2 protein chains.
Amino acid sequence: MQKKTVNGAPLPAYEQIKRHVLAKIESGAWKPGDVVPSETEMVKEFGVARMTVSRALRELMADGVLNRVRGSGTYVAPRQYESTVLQIRNIADEIAARGHRHAARVLALEPSNDPNAIAALELEAGPVFHSRIVHLEEGEPIQYEDRYVNPEVFPDYLAQDFTVETPNHYMVRLAPIQRAEFRIYAQKPEARVRQYLDMEIGEPCLLLLRRTWVGRHVATSVRLWHPSSRFHLAGTV
Amino acid sequence: MQKKTVNGAPLPAYEQIKRHVLAKIESGAWKPGDVVPSETEMVKEFGVARMTVSRALRELMADGVLNRVRGSGTYVAPRQYESTVLQIRNIADEIAARGHRHAARVLALEPSNDPNAIAALELEAGPVFHSRIVHLEEGEPIQYEDRYVNPEVFPDYLAQDFTVETPNHYMVRLAPIQRAEFRIYAQKPEARVRQYLDMEIGEPCLLLLRRTWVGRHVATSVRLWHPSSRFHLAGTV
DNA sequence: CAGTGGTCTAGACCACTCC
DNA sequence: GAGTGGTCTAGACCACTGC
């Protein structure tokens with residue numbers, strides 16, 4: 001295998017193979033569920049020993065990128081949703097997993113020149129895209145979503161119907177999220193949020209702030225308010 | 001290498017080596033910072049190829065258990081603290097990292113027969129150990145810690161001085177935490193918590209519930225209240 | 001310069017899946 | 001039974017550390 005270099009240092013063959021596979025997935029050439037070439041095929045393609053291919057694919061499985069089944073083949077793993085605290089899924093899927101109905105009220109979907117939002121997306125200038133949506137579980141509001149989106153990453157964001165598909169689902173469908181940063185607060189909601197979430201006066205919100213990256217771009221910056229009486233975060237490590 | 005079996009299935013050699021190393025660390029025979037035997041030595045000890053030892057040690061490094069330095073050797077990694085939302089550290093270390101002073105007020109340290117606590121620790125009967133501590137940052141309360149501890153795992157818990165060392169630090173020092181489960185809530189604090197945390201009426205708490213496991217035992221079940229004005233959780237994925 | 005870990009090869013045997 | 005991944009061997013060359 002020809003040694004490619006990054007800043008002068010040669011990259012190990014197994015690392016080059018990993019990047020090749022990741023590039024295929026990120027470009028969309030290989031989609032979730034697709035079979036990827038077998039070890040034997042990659043051995044021929046890259047001109048390396050089978051152990052080397054095996055290590056590359058094994059590590060990608062450990063990272064959750066691939067699934068491997070002995071006797072069957074190697075498959076592209078399903079997309080990971082915006083992960084917050086380890087594994088919070090798309091709110092609609094989460095509601096569906098509880099056997100409940102999800103609905104969404106789109107309050108706003110428009111361009112915005114909010115300087116704070118432009119800064120959060122690490123852009124020089126606006127406009128950026130802005131949406132405000134209330135998510136309902138069995139008719140009860142459970143999340144107030146205030147989202148800013150990078151138009152360079154999702155140019156068609158404003159043309160979507162978010163009563164049918166959540167923004168999170170839409171974005172994950174189009175681009176793989178590679179990194180996320182989050183902060184969690186307990187907060188007294190401002191009046192508008194409190195009303196949209198149908199909360200009693202004095203009831204606190206669980207507020208989740210999150211930014212996600214696609215490649216070198218900040219893809220989205222979102223604030224999610226949840227009524228404490230109907231929502232909490234959970235996970236294991 | 002002699003094949004050991006678990007429920008009839010033979011265990012791969014690299015997996016046996018991993019378990020051997022983990023057992024050494026968990027038993028305390030190898031402590032954080034210690035050099036562990038080199039690959040060459042383990043090759044002789046286990047009678048396997050160097051690649052096999054290499055894989056075992058490489059995977060343990062990926063898990064954060066070992067650190068490996070080319071040209072130097074393989075070392076036991078420092079202990080991981082109770083991880084909550086990915087990487088929240090021991091509150092005292094966190095405060096120290098901000099360059100601030102930590103202090104603790106021990107409100108209670110006693111046996112308890114609270115049936116909820118006994119159930120949370122998955123024990124048949126009590127008593128279990130109970131502590132309530134307020135942690136202060138620069139003199140301001142920042143965490144109210146209500147903790148139940150499994151006496152089978154930490155028999156000397158009640159004899160400790162938690163103004164000197166936090167319970168988390170004490171427990172991590174004695175036993176490696178292997179699994180954790182957490183839930184995060186926004187909550188109106190009860191009067192007692194509000195007073196100990198010196199909070200204004202109406203200010204919400206960020207409440208973190210956590211259980212941690214050592215081997216098959218629930219080691220501890222803890223509720224951590226934080227004033228929202230002075231505390232939030234953060235992390236990256 | 002001896003010892004360490006990082007990577008790689010060219011084979012091998014095996015358990016398993018799928019047809 | 002052909003093809004897949006899981007593991008393993010016995011070598012090898014290399015970059016790096018620490019004396």
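In what follows, every chain begins at residue 1, and chains take the letters A, B, ... in the order their sequences are listed. None of these values were measured; they are calculated from a predicted model.
In this structure, A:Ala49 and B:Leu57 both approach DNA chain C, and ranking their closest nucleotides by distance from the 5' end singles out B:Leu57.
Straight-line distance from the CZ atom of B:Arg58 to the C1' atom of D:dC8: 13 Å, rounded to whole Å. Following rounding to the nearest Å, A:Leu11 (CG) and C:dG6 (P) show an atom-to-atom distance of 16 Å. Rounded to whole Å, the distance from CD1 on A:Ile17 to C1' on C:dT7 is 12 Å. As rounded to whole Å, 15 Å separates atom C1' of C:dC8 from atom CD of A:Glu15. The nearest whole Å value for the distance from the CZ atom in A:Arg50 to the P atom in D:dG3 is 14 Å. Summarising the geometry, the separation between CZ on B:Arg55 and P on C:dT9 is reported as 17 Å, rounded to the nearest angstrom. Spacing between atom CD of B:Glu59 and atom C1' of C:dG6 amounts to 15 Å, rounded to whole angstrom units. As rounded to whole Å, 16 Å separates atom C1' of C:dC13 from atom CE of B:Met51.
Considering only heavy atoms from C-beta on, A:Val128 comes within 4.5 Å of A:Pro151 through its side chain.
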What's touching nucleotides 1-4 of chain C from the protein side, N or O pairs under 3.5 Å?
unit_1	atom_1	unit_2	atom_2	d
C:dG3	N2	B:Gly71	O	3.0
C:dT4	OP1	B:Ser38	OG	3.3
C:dT4	O2	B:Gly71	N	3.0

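Taking the six-membered ring where the residue is Trp, A:Tyr170 and A:Phe154 present tilted rings, their angle falling between 30° and 60°.
Two rings, from B:Tyr157 and B:Tyr148, have their centers 6.0 Å or more apart.
The phosphate of D:dC8 has neither OP1 nor OP2 within less than 4.0 Å of any side-chain N or O from B:Tyr14. Here A:Thr52 does not reach the OP1 or OP2 of C:dT7: none of its side-chain N or O atoms lies under 4.0 Å away.
Under the salt bridge (Lys or Arg N to Asp or Glu O under 4.0 Å) criterion, A:Arg70 pairs with no residue, sequence neighbours left out.
When distances are taken from the side chain of B:Pro12 to each of C:dT9, D:dC8, D:dG6, the shortest belongs to D:dC8.
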Using the rule given for side chain to side chain contact (heavy atoms under 4.5 Å, CB included), can you reason through B:Phe129 versus B:Gln160, listing the C-alpha separation, both sets of side-chain angles and the distance that settles it, and then say yes or no?
CA-CA 12 Å; B:Phe129 299 152; B:Gln160 306 309 308; over 6 Å; no
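Separating the OG atom in A:Ser54 from the CE atom in A:Met42 is a distance of 11.0 Å, to the nearest 0.5 Å.
With A:His135 as the partner, the side-chain hydrogen bond (donor to acceptor under 3.5 Å, both in side chains) test is satisfied by one option alone out of A:His226, A:Glu140, A:His102: A:His102.
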